[in-house]
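Comments concern the structure below.
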Amino acid sequence: MSERYVFWADAVADEIEASDPAEPIVIKGGISPSGVPHLGNMNEVMRGHFVAAVLRERGHEVRHVFTTDDRDPLRSLPRLLADLDGTLVELGDVDAGALGRNLGRPYTDIPDPFGCCDSYGDHFSNLINTSAESLGVPVELISTTELYTDGTLEPSIIKLLERREEARNLLADFQATVDSQYVPFNAICRQCGLVTETITDVDLEAGSVAYRCDGITAGNRDIEGCGDEGEVSLREGKLPWRFEWPAQWRALGVDFEPFGKDHAEGSWPSGRRIAESLLDTEPPVPLTYEWFTLDEEPFSSSAGNVVLVEEVLELIEPEVLRYFFAKDPARARDFSIERIDQLVDEFDRFEAIYFEEITASEEEHARAERVYPFLVDHIEPNRVRLPYTFAAVLGMTDDPELRKAIAQREGHICEDTPSSADADALERVERARRWARRTDNAFNYELKRARIPDVPIDEKTGAALQELAEIAASGADGEELQAAIYELARSHEIDVGDFFATGYRLFLDREEGPKLGPFLAHLDREFVVRRLRREC
RNA sequence: GGGCCGGUAGCUCAGUCCGGCAGAGCGUCUGACUCUUAAUCAGACGGUCGGGGGUUCGAAUCCCUCCCGGCCCGCCA
């Protein structure tokens with residue numbers, strides 16, 4: 001019946017169990033360490049993670065591996081890079097020329113532009129690992145280059161080369177450009193290090209292939225080969241992606257793999273058939289996920305539209321971000337930094353439904369009941385969540401005690417909540433303040449201390465402000481000032497809303513802001529008095 | 001052109017697998033609290049569930065078809 005809620009990860013886990021996998025169950029993800037691993041890439045990590053968590057809950061042993069496809073050749077120079085701390089760096093700030101000379105070579109053969117890791121590939125693989133860990137997902141990172149050099153992929157390579165005729169025919173069903181010369185293996189040129197596709201001979205007894213270094217098409221440019229003709233072993237080359245993927249499944253015994261929708265009609269159907277009919281291995285259970293956009297635009301390293309996991313975690317708690325990835329993977333979504341408050345509100349509500357603090361429909365409750373435990377490390381009924389935009393308002397003051405006092409006054413923190421819960425709750429203030437600054441939105445209050453904003457003030461309002469200045473000078477507290485604002489508006493026959501707006505404009509140059517009386521009381525008295533008299 | 005996946009309120013999303021009164025939050029509007037300023041509370045407004053057809057006692061849900069968007073059908077991942 002309809003009140004039963006099926007978490008998508010449960011449905012996938014059912015499918016995996018039905019495929020009768022050996023223990024441990026192997027879940028894989030993988031990306032090419034071509035540059036900054038952005039939030040979109042975390043689909044690859046998180047979709048697998050939820051399925052792994054469900055399977056572990058069911059008592060299975062699970063290996064969650066993640067291949068970094070680091071033997072892929074560098075095809076274009078990313079405009080943005082990132083150092084190991086996750087700080088974004090323009091291409092121009094590193095030795096772009098040195099990178100450019102390495103186009104067409106495997107990532108693991110290219111020096112790290114930051115000089116801190118063994119190679120370009122290692123550098124960005126490290127970043128992938130860091131991002132996954134910051135989301136609380138420990139993955140077993142596997143270098144594809146190592147799978148080649150340590151011989152793990154060799155049996156699959158031999159199989160494919162033995163049956164290269166079949167491989168060619170099979171691939172031709174999916175790709176129109178496969179010709180009679182096609183060999184499902186690329187060599188790394190011994191002279192210049194380029195990945196070259198021209199294989200002139202295969203000698204399986206010697207375990208080698210002969211190649212001619214004809215160059216490589218990378219993006220929209222051709223990289224010229226050195227023309228070298230030589231031989232390399234099967235560990236000194238690379239399978240084309242369509243073959244590499246199923247070879248990884250076979251070598252690692254992969255039972256489940258999520259992938260982006262770009263693979264759904266391309267490499268997945270061919271990979272499945274390659275696995276079944278050429279590699280004699282069972283393909284994994286698939287899961288296609290839709291891509292999401294970042295503030296309405298596609299993620300793009302080249303266009304600079306990227307955000308790192310670490311950046312997002314400066315704005316929201318990890319459990320909120322995990323919540324985003326727990327949503328239906330089939331649906332395309334926008335991840336909006338501008339409106340990240342909506343996501344947080346949605347999470348807070350979801351959490352409150354789980355703890356039965358608010359009423360909700362049966363469906364909502366069933367969903368929260370099932371999914372929420374996968375979002376947090378510990379289920380903590382005593383946690384305190386400040387509403388996100390309220391937290392942003394609290395960010396106007398740097399004083400931690402004042403923040404706490406206001407939160408208490410507004411009833412978000414009780415006297416008897418444990419101080420650790422208070423501290424957790426108040427951490428959100430820092431996050432929300434960063435958000436307000438980053439997006440420069442309505443919560444990014446800035447006190448216009450240096451110069452008085454240009455505010456038109458009529459006679460009545462001027463008189464009322466004079467009186468307010470006197471009240472402020474007399475040492476009135478926040479609530480007294482707040483009451484005075486109302487009373488003065490009435491006694492001077494000014495619209496209350498207009499009078500408040502004038503007050504906000506004098507101090508913030510905005511029409512709205514935090515509760516005005518307490519806000520003014522927090523500022524130094526002399527400044528407030530002089531500003532109300534419009535003397536500074 | 002062919003294939004795959006999406007399209008539910010202004011916005012963000014549940015609900016679609018397994019047919020049973022069209023839902024939530026936010027926003028908007030109105031009212032209340034003898035102080036609207038992240039207010040709070042109460043209420044209201046808000047829908048061709050992308051369009052059309054079919055199956056059914058009954059369709060957002062199943063089937064067919066069309067429209068729109070993304071992706072794939074070159075290379076690469």
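Chain letters run A, B, ... following the sequence lines, proteins first and then strands; every chain starts at 1.
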Given [options], the nucleotide with the shortest approach to the side chain of [X]:
X      : options             : value
A/R333 : B/C71, B/C13, B/C75 : B/C13
A/V6   : B/U36, B/C17, B/C71 : B/C17
A/R349 : B/C35, B/C72, B/G25 : B/G25

Please report the C-alpha distance between A/V371 and A/Y354 in whole Å, then the side-chain angles of each, then the deciding distance to 0.1 Å, and finally whether the side-chain contact (heavy atoms from CB on, under 4.5 Å) criterion is met. CA-CA 9 Å; A/V371 177; A/Y354 176 81; over 6 Å; no
With rounding to whole Å, what would you report as the distance between B/C73 and B/C66 at their P atoms?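 After rounding to an integer number of Å, I get 24 Å for this pair.
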d([atom1], [X]; [atom2], [N]) in whole Å:
X      : N     : atom1 : atom2 : answer
A/N43  : B/G70 : CG    : P     : 19 Å
A/E290 : B/G7  : CD    : C1'   : 11 Å
A/F390 : B/U37 : CZ    : C1'   : 13 Å

With a 4.0 Å cut-off on heavy atoms, is [X] in touch with a base, just the backbone sugar-phosphate, or nothing at all?
X      : value
A/A330 : sugar-phosphate
A/E487 : nothing
A/S336 : nothing

Nearest nucleotide by nearest heavy atom, which residue falls closer to the 5' end of RNA chain B, A/L239 or A/F443?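 First, find each residue's nearest nucleotide; the 5'-ward one identifies A/F443.
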Would you call A/R333-A/D328 a salt bridge at under 4.0 Å N-O?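 No, this pair does not count.
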So that I can tick it off, tell me whether A/D440 and A/R438 are bridged by a salt bridge, with the cut-off set at under 4.0 angstrom between side-chain N and carboxylate O.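 No, A/R438 and A/D440 are not salt-bridged.
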Taking any strand in view, what nucleotide pairs with B/C33 in a Watson-Crick or G-U wobble way, both distances under 3.5 Å?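 Base partner found: none.
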Assigned partner base of B/G20, Watson-Crick or wobble definition, under 3.5 Å: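 Paired with B/C57.
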Could you pull out the closest heavy-atom pair between A/Y486 and A/V496, with the gap in Å?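 Of all heavy-atom pairs spanning A/Y486 and A/V496, the closest is CE2-CG1, 3.6 Å.
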